[in-house]
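To find a chain, count down the sequence lines: A is the first, B the second, and so on, and within it residues start at 1.
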Amino acid sequence: MEKFLKELNEAQREAVLFTDGPIMVIAGAGSGKTRVLTYKIAYLLKKNIDPFNILALTFTNKAANEMKERIINIVGTTDAHNMWMGTFHSVFAKILRRESLKIGYPNNFTIYDTDDSKSVIKSVIKEMDLDDKVYNPGYVLGRISAAKTSLISYEEYNKSDELVSEDRMARKPLFGQIYESYCKRCYKASAMDFDDLLFNMHMLLRNFPDALLRYQKKFKYILVDEYQDTNHCQYIILKQLAAMFENICVVGDDAQSIYSFRGANIQNILGFQNDYPDFKIFRLEQNYRSTQNIVNAANSIIVNNVGKVHKIVWTENENGEKVKILKAHSDSEEGSIVANSIFENKMNFQMQNKDFAILYRTNAQSRAFEESLRKLNIPYRIYGGLSFYQRKEIKDLIAYFRLTINNNDDEALKRIVNYPARGIGKTSIERLIIVASENNKSIWQIIENFGDYKTGLNTGTLNKLSEFITMVKSFSVQLKNKDAHEMACLVANSSGIARELYDDKTPEGISRHQNIEELLNGIKDFVDRQESAAGEENTSSLAEFMQDIALVTDADIKDKDGNDKVSIMTIHAAKGLEFPYVYISGVEENLFPSQFNINTRNELEEERRLFYVALTRAMKRVFISFATTRYRWGNVVSCEPSRFIEELDTKFIEFENKKHFKPFDDDSRLSFDKFEIKKYKYTGQTVKKNLVKITQAINSATPNNPDFISNQNIQVGMVVEHQRFGKGKVITVEGKQSDKKAIVFFENVGQKQLLLKYAKLKVIE
DNA sequence: GTATTATCTAAGTCT
DNA sequence: TAGATAATAC
């Protein structure tokens with residue numbers, strides 16, 4: 001027997017050794033699920049299965065890469081690089097680029113992110129002259145996503161009496177038309193949204209038997225992690241791919257299903273059992289991660305759920321400490337209690353920062369923890385929230401890349417056609433959009449051949465547009481012979497973005513410029529990596545770099561400056577991870593469980609599973625915190641501890657000794673909170689804004705500014721002349737220094753309020 | 001067309 | 001509270 005197999009327990013080993021035929025592994029939290037998958041693949045390779053025949057679908061690309069590395073270590077062959085491993089989305093994107101022509105897309109198609117999709121929906125709604133309150137773009141996108149996930153095309157949608165009447169009942173009768181326009185517009189822009197990657201993959205396999213056959217033959221062994229979070233579309237694709245060999249292994253835990261809002265369907269577990277009646281099932285129930293107290297506390301939560309597969313998670317680990325409940329009087333106090341607790345545990349037990357994680361239900365809760373950790377000089381890393389690729393300056397530069405690669409990418413074009421400013425305004429762009437949609441063309445195609453269309457734009461604007469297009473075309477031409485880094489630098493410089501940000505000396509401007517540099521460095525890394533990987537083909541082009549940039553998530557990005565940091569993230573983002581110390585924060589009614597998910601049993605059960613996931617991330621200790629008041633929507637709200645705290649079996653929990661809490665009376669607490677807010681205000685963006693204002697004021701107040709001098713002398717009763725408004729009489733003057741305002745009554749245009757700093761007034765009398 | 005300021009409105013988990 | 005949109009002046 002292979003040496004590495006001895007590291008597995010009985011159940012794990014059986015699951016690893018059973019390689020042929022359909023199997024399902026029901027793996028409790030911390031039961032070594034990743035280890036089983038890793039060793040199973042390693043075992044397949046040891047049995048001389050060709051890595052090209054293995055497809056492994058994981059929940060994040062990072063997980064895939066880590067698993068790959070481990071397998072390479074075990075098997076000792078770099079051949080393993082040839083396995084297909086990654087998320088559903090990234091693997092399918094890769095396949096779709098190869099097969100794109102079949103489904104009528106160019107291989108350089110863009111992947112639209114949620115912002116792009118919403119923007120398309122907004123413009124569709126606007127053009128159809130509909131109310132965006134009735135047709136809320138977020139709602140519309142959600143319903144489109146649900147349709148695609150259920151494999152309902154817009155044609156089928158509009159043919160379905162049931163769906164159409166459903167929309168009519170919901171007073172959104174035109175939803176089907178929006179769906180249709182949205183799809184057509186994405187297609188015209190050579191763009192796919194996240195759901196299209198799945199939807200089109202299914203279409204490819206359904207409509208092209210040769211493609212289906214090729215991939216069925218290729219993927220002789222299919223392994224799926226986190227199976228409980230697959231949606232209907234993913235389920236069908238798996239069924240298609242596995243139909244020939246039926247060597248499919250799915251691993252999951254129904255108790256950890258937390259993505260139903262995204263279409264994940266626990267029923268897929270039952271579907272699997274029906275599709276492959278002779279399937280083998282393996283249960284991994286021994287937990288190696290957590291202490292008994294943690295496992296027991298988690299079990300005491302999950303028994304409250306009715307719908308679940310029978311399974312008992314147990315552990316031989318030590319008892320450990322009880323789960324401790326921490327009470328705070330405000331969200332900011334919660335932050336400092338948690339930060340202090342981390343500090344104490346670090347000191348008392350010689351732990352490192354990276355041994356701690358703070359988890360919460362919503363990203364908005366991160367602020368208090370950031371503040372408190374910063375005060376104690378504890379380094380941290382926030383996962384999720386505003387990720388690197390969502391920052392404005394990054395999106396701007398990326399939009400140039402996108403347009404260079406795919407000229408029809410309308411969303412990218414709209415974003416940058418006038419950034420940096422080149423005198424192409426909103427009205428011109430709106431007109432172009434209308435002409436484009438009338439002619440069923442992309443915006444680029446209209447500009448490229450504007451002689452053929454009546455745009456009604458003046459020659460000046462058309463020239464500016466042509467210039468823009470010529471510039472981007474010159475980029476496109478060089479795509480093939482330059483590597484990604486050379487291209488990126490060229491674009492950053494020629495587009496004027498680098499200059500624009502370099503000239504901006506405000507603190508924000510400087511940090512934006514740094515971010516651009518970071519992106520360019522990242523691209524350099526990419527080029528180096530690709531070249532050292534000794535590819536036969538040119539794999540270091542910009543197009544290559546951009547391929548699945550939209551699919552990169554925060555969790556995939558490695559932290560450069562050291563890894564010893566406290567992790568702060570949502571519970572969703574913590575899925576699949578483990579930490580010695582876990583703080584679950586904001587465990588209050590209406591926050592966790594979320595106010596949106598308490599109306600049906602199913603919703604509440606998903607929240608409960610989420611809580612279960614949070615608890616089972618911990619190895620040594622869990623702290624649960626709640627606050628009795630919290631800032632939400634800008635004002636203080638009082639909060640109740642969550643029902644989940646009550647559901648925990650009291651045998652496994654303890655409450656923080658009341659003595660440890662400083663006895664705030666209401667008044668002092670109020671001032672404490674106020675102090676906190678004030679402090680935040682002047683450390684955050686406000687200070688930057690003020691800086692900008694101050695510099696402006698200084699600039700306009702320099703003595704060699706003649707306007708300033710003359711305007712300072714303006715007084716009530718004077719007759720002045722204005723460039724555009726003509727002659728007028730000053731009625732009032734108020735404000736001080738640079739903020740002086742005057743109300744002037746003009747002969748021709750009537751009364752106007754003017755800010756003297758800007759208005760160029762000539763004194764006549 | 002551009003830049004700044006005022007007003008409104010939404011507010012959640014993620015590929 | 002913040003981000004997006006509308007309004008205003010240049």
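Rounded to whole angstrom, the span from the OH atom of A:Y631 across to the C1' atom of C:dA2 amounts to 16 Å. Counting to the nearest Å, the C1' atom of C:dT5 and the NZ atom of A:K426 are 8 Å from each other.
Considering every non-hydrogen atom in both A:I598 and A:E603, the closest pair reads N-OE1, 3.7 Å.
Residues passing the side-chain hydrogen bond (donor to acceptor under 3.5 Å, both in side chains) test with A:N599: none are found, sequence neighbours excluded. Take A:D409 and apply the side-chain hydrogen bond (donor to acceptor under 3.5 Å, both in side chains) test, not counting sequence neighbours, and it matches A:T110, A:R402. The side-chain hydrogen bond (donor to acceptor under 3.5 Å, both in side chains) check on A:K126 picks up A:E430, with sequence neighbours excluded.
Across all strands shown, A:K118 has no heavy atoms under 4.0 Å from either base or sugar-phosphate atoms.
For the segment residues 582-592 of chain A, the set of residues with a heavy atom within less than 4.0 Å of an atom of DNA chain B is empty.
Because its NZ or CZ atom is both nearer than 6.0 Å to the ring centre of A:Y383 and within 45° of the ring axis, A:R381 counts as a cation-pi partner of that residue.
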> In B/S/- notation, 5' to 3', how is nucleotides 9-15 of chain B contacted by protein heavy atoms closer than 4.0 Å?
Replying inline: --BBBBB
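Ring geometry for A:F261 versus A:Y259: interplanar angle of 30 to 60°, hence tilted. Using bins of under 30°, 30° to 60° and over 60° for the plane-to-plane angle, the ring pair A:H232/A:Y235 lands in the tilted bin.
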Taking distance alone, no hydrogens or angles, what donor-acceptor pairs closer than 3.5 Å link side-chain atoms of residues 584-594 of chain A to residues at least two apart or in another chain?
| residue | atom | partner | partner atom | Å |
| --- | --- | --- | --- | --- |
| A:S585 | OG | A:L359 | O | 2.9 |
| A:E588 | OE1 | A:R630 | NE | 2.9 |
| A:E588 | OE2 | A:A627 | N | 2.7 |
| A:E588 | OE2 | A:R630 | NH2 | 2.7 |
| A:E589 | OE1 | A:R643 | NE | 3.2 |
| A:E589 | OE1 | A:R643 | NH2 | 2.7 |
| A:E589 | OE2 | A:R643 | N | 2.7 |
| A:E589 | OE2 | A:R643 | NE | 3.1 |
| A:S594 | OG | A:F596 | N | 3.0 |

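On the P atoms, C:dA4 is 16 Å away from B:dT13, given to the nearest whole Å.
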